[in-house]
Enquirer: 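First the structure, which I've put down as structure tokens, then a few questions once you've had a look.
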Amino acid sequence: MPNLSTLVLSRNLINGSIPESMCHFTSLQILDLHKNRLSGTIPHCLGESSELEFVHLAFNNLSGDIPCFRLTHVENEWSSSYLSFVSLNDNMLSGQIPSCLANLSTLEVLDVGENKLSGEIPMFITGLNLPVLRILRLRNNKLEGSIPEQLCSLSNLQILDLGLNYLGGTIPSCLANMTAMNSFVDYDSIFYADMNQVNEVIKGIERAYTTTLKYMVNVDLSCNNLIGSIPEGITNLTYLRNLNLSYNHLSGQIPMSIGCLKSLESLDLSRNKLQGTIPISMGAIFSLESLDLSYNNLSGQIPTGNQLQTLNDPLSYAGNPYLCGDPLAKKCKSDNDSPNGSSGDQNNEDEVSEDKHETMWFYLVVMSGFATGFWCVVGTLFLKKSWRHAFFRRVEFVQDWLYVAVVVRVPKLMRRFI
């Protein structure tokens, strides 16, 4: 079959390995074998075809390394491959991402997630080498190192999924430069009906996206070892629909301008070390359907109003002991507002002031009562001479009685103990 251009055997129960005889299909443009039971390695000679545009080998049991899709020598000239879609996810591929992928200037989708790839994210993944790359999916591998700033030059990138790896360092602030994430660009060049498929975890559920891929704008850096703060510039990605930074070691505050992400549908910042208050601007994200801020060090009152009133799941705020307000059971002091609009703190101040007045009046009454009783007795003795003489005679009588009692009884007690 020397003129075969399309081979689609996906979603079957085909086992065994990919035969190297397929390399003789010199006119092959579309190769789709995904969702089978294929094993063994991917023949490297497949990458030598300059006609290949679409390679979908995902959801198999393929092992070994990624073949080198490279420039091909045709009629005394070096011709670049027309490859635009490469999906090798959900296999058992190992090794590093080969540098020869830098030659694929027409590549729009690179999905090698859910494998066993190691090493660092290659520095060649830049806007210069891969100028039309739209989807970069390296999820669930063993990649380490930091997120290279070269990724920021991928101006057409709309899905960046680096979740479930061992990446460290900080989140590059230059992510704000990704043009396709702050403006809508309609691409149709890679769509082959329902053939092209990318799996993404959105709102905690993995879904397969096909013809709706053009509307997907997603950044997933979850389940890594990232540190530092969330860059303020990330709020410039106004067309971002899903942002997942959960299960890292991020600190600092949630950007106050988070409300600028007007298209955001899902936001997951859980399991970090974020602190401070929840920005009020978050209530302005009217498209927000899923929110998870659990298990951080956030404090203060949960903002109310607008879209946040519909997100009333207490689990979204669990693990933040200093948060208060609806939908949590812990109420803030400011929740006990008076009808005239004064806050609980003001009420507490009024109560303290009232207690001080009552205490002052109590002491004044006691002191005035003491002074009245004292001067009634002393003043009477001072003015009435006969009462004064009688009073002192009585005092002298009591004094004499006490003296006699002591003189008589003390010797008796001493004789009893001797």
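Along the sequence shown, the residues carry numbers beginning at 1.
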Enquirer: Out of the candidates Ile171, Leu274, Asp268, only one should pair with Leu245 under the side chain to side chain contact (heavy atoms under 4.5 Å, CB included) rule; please name it.
Expert: Ile171
Enquirer: Would you compute the distance between atom OG1 of Thr235 and atom CG of Leu240 and round it to the nearest 0.5 angstrom?
Expert: 10.5 Å
Enquirer: Quick one: does Ile234's side chain get under 4.5 Å of Leu243's, heavy atoms only?
Expert: yes
Enquirer: Identify the heavy atoms of Lys262 and Ser287 that sit nearest to each other, and give their distance.
Expert: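 Heavy atoms of Lys262 and Ser287 come nearest at O-OG, 3.0 Å.
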Enquirer: Would you find a donor on one side and an acceptor on the other, under 3.5 Å apart, between the side chain of Asn12 and the backbone of Ser10?
Expert: yes
Enquirer: Kindly write out the residues that satisfy side-chain hydrogen bond (donor to acceptor under 3.5 Å, both in side chains) with Ser281, not counting sequence neighbours, or none if the list is empty.
Expert: none
Enquirer: Quick check for you: to the nearest 0.5 Å, what is the distance between Glu289 atom CD and Ser266 atom OG?
Expert: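 Glu289 CD to Ser266 OG: 9.0 Å, rounded to 0.5 Å.
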Enquirer: Quick one: does Ile147's side chain get under 4.5 Å of Leu162's, heavy atoms only?
Expert: yes
Enquirer: Using the side-chain hydrogen bond (donor to acceptor under 3.5 Å, both in side chains) criterion, which residues pair with Asn177? Sequence neighbours excluded.
Expert: none
Enquirer: Can you name the nearest heavy-atom pair linking Asn296 to Lys273, along with the distance?
Expert: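 Of all heavy-atom pairs spanning Asn296 and Lys273, the closest is OD1-N, 3.3 Å.
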Enquirer: Counting C-beta onward and ignoring hydrogens, is there a side-chain heavy-atom pair between Leu133 and Asn156 closer than 4.5 Å?
Expert: no
Enquirer: Return the minimal non-hydrogen interatomic distance between Gln253 and Gly276, and the atom names on each side.
Expert: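 Gln253 and Gly276 have their closest heavy atoms at NE2-CA, 4.0 Å.
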Enquirer: Are the side chains of Leu298 and Thr277 in contact, using a 4.5 Å heavy-atom criterion?
Expert: no
Enquirer: So, Arg137 and Glu200, do they make that salt bridge, N to O below 4.0 Å?
Expert: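 Result for this pair is yes, salt bridge flagged.
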Enquirer: Let me confirm one number: the CE-CG distance from Met181 to Leu175, rounded to the nearest 0.5 Å.
Expert: 7.5 Å
Enquirer: Please assess Leu323 against Ile302 for the test side chain to side chain contact (heavy atoms under 4.5 Å, CB included), listing each intermediate value before the final yes or no.
Expert: CA-CA 7 Å; Leu323 274 182; Ile302 298 173; 4.2 Å; yes
Enquirer: Could you check whether any side-chain heavy atom of Asn36 comes within less than 4.5 Å of a side-chain heavy atom of Leu13, counting everything from C-beta outward?
Expert: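 A side-chain contact is absent here, since even the closest heavy-atom pair is not under 4.5 Å.
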Enquirer: Check whether more than 12 heavy atoms from other residues, nucleotides or ligands sit under 6.0 Å from atom CZ of Arg207, and answer yes or no.
Expert: yes
Enquirer: Taking atom CG of Leu291 and atom CG of Asn312, what is their separation to the nearest 0.5 Å?
Expert: 11.5 Å
Enquirer: Start with the C-alpha gap between Tyr317 and Ile278, add the side-chain angles, then the distance that decides, and say whether side chain to side chain contact (heavy atoms under 4.5 Å, CB included) holds.
Expert: CA-CA 10 Å; Tyr317 307 99; Ile278 300 175; 3.9 Å; yes
Enquirer: Okay, side chain of Asn91, backbone of Asn60: is any donor-acceptor separation there less than 3.5 Å?
Expert: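 Yes, Asn91 side chain to Asn60 backbone: donor-acceptor pair under 3.5 Å.
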Enquirer: Report the C-alpha distance between Leu221 and Leu226 in whole Å, list the side-chain angles of each, state the deciding distance to 0.1 Å, and finish with yes or no for side chain to side chain contact (heavy atoms under 4.5 Å, CB included).
Expert: CA-CA 8 Å; Leu221 307 179; Leu226 299 174; 3.8 Å; yes
Enquirer: Could you check whether any side-chain N or O of Ser153 sits under 3.5 Å from a backbone N or O of Gly127, counting only pairs where one atom can act as donor and the other as acceptor?
Expert: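 Looks like yes, one N/O pair under 3.5 Å.
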Enquirer: Going by salt bridge (Lys or Arg N to Asp or Glu O under 4.0 Å), name the residues that satisfy it together with Arg271, two or more places apart in sequence or in a different chain.
Expert: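 Not a single residue meets the salt bridge (Lys or Arg N to Asp or Glu O under 4.0 Å) criterion with Arg271.
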Enquirer: Is the side chain of Asn129 donor-acceptor paired with the backbone N or O of Thr126 at a distance under 3.5 Å, no angle test?
Expert: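 Not confirmed, Asn129 side chain does not pair with Thr126 backbone.
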Enquirer: Any chance you could lay out the side chain to side chain contact (heavy atoms under 4.5 Å, CB included) test for Phe54 and Gln29, step after step, and finish with the verdict?
Expert: CA-CA 6 Å; Phe54 185 94; Gln29 296 177 354; over 6 Å; no
Enquirer: Could you grab the distance from atom CG of Leu31 to atom CD of Glu51, nearest 0.5 Å is fine?
Expert: 14.0 Å
Enquirer: Quick check: does any side chain N or O of Ser118 sit under 3.5 Å from a backbone N or O of Gln96, one acting as donor and the other as acceptor?
Expert: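 It does not hold such a pair.
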Enquirer: So does Asn244 get a backbone contact from the side chain of Asn242, meaning a donor-acceptor N/O pair under 3.5 Å?
Expert: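 Here the side-chain-to-backbone pair does not exist.
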Enquirer: Quick one, Ile42 and Leu93 - any side-chain contact, counting heavy atoms below 4.5 Å?
Expert: yes
Enquirer: For the residue pair Asn115 and Leu88, what are the closest heavy atoms and their distance?
Expert: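 Smallest heavy-atom distance, with atoms named: ND2-O, 3.1 Å.
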Enquirer: Quick one: closest heavy-atom pair of Lys116 and Asn141, and the distance?
Expert: N-OD1, 3.3 Å
Enquirer: Please name the pair of heavy atoms, one in Asn224 and one in Gly163, separated by the smallest distance, quoted to 0.1 Å.
Expert: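 Of all heavy-atom pairs spanning Asn224 and Gly163, the closest is ND2-CA, 3.9 Å.
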Enquirer: Short question: side chain of Glu53, backbone of Phe85 - any donor-acceptor pair under 3.5 Å?
Expert: no
Enquirer: Within a reach of under 6.0 Å around CD1 of Ile280, are more than 12 heavy atoms found that belong to other residues, nucleotides or ligands?
Expert: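 At most 12 heavy atoms, drawn from other residues, nucleotides or ligands, come within 6.0 Å of this atom.
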Enquirer: Could you measure the distance from the CG atom of Asp161 to the CZ atom of Arg139? Nearest 0.5 Å is fine.
Expert: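 One finds 5.0 Å between CG of Asp161 and CZ of Arg139.
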Enquirer: For Glu232 and Ser257: C-alpha separation, side-chain torsions, deciding distance, then whether side-chain hydrogen bond (donor to acceptor under 3.5 Å, both in side chains) applies.
Expert: CA-CA 7 Å; Glu232 189 77 26; Ser257 56; 2.4 Å; yes
Enquirer: Do Ile230 and Pro255 touch side chain to side chain, with heavy atoms closer than 4.5 Å?
Expert: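 Yes. Closest side-chain heavy atoms under 4.5 Å.
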Enquirer: Please determine if Asp90 and Lys35 form a salt bridge, counting it only when a charged side-chain N lies under 4.0 Å from a carboxylate O.
Expert: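 No, Asp90 and Lys35 are not salt-bridged.
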Enquirer: Between Lys142 (side chain only) and Ser94 (backbone N and O only), is there a donor and an acceptor less than 3.5 Å apart?
Expert: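 Side chain of Lys142 to backbone of Ser94, a donor-acceptor pair under 3.5 Å: no, none is there.
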Enquirer: With side chains defined as the heavy atoms from C-beta onward, is the minimum distance between Asn89 and Phe59 less than 4.5 Å?
Expert: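 Asn89 reaches Phe59 side chain to side chain.
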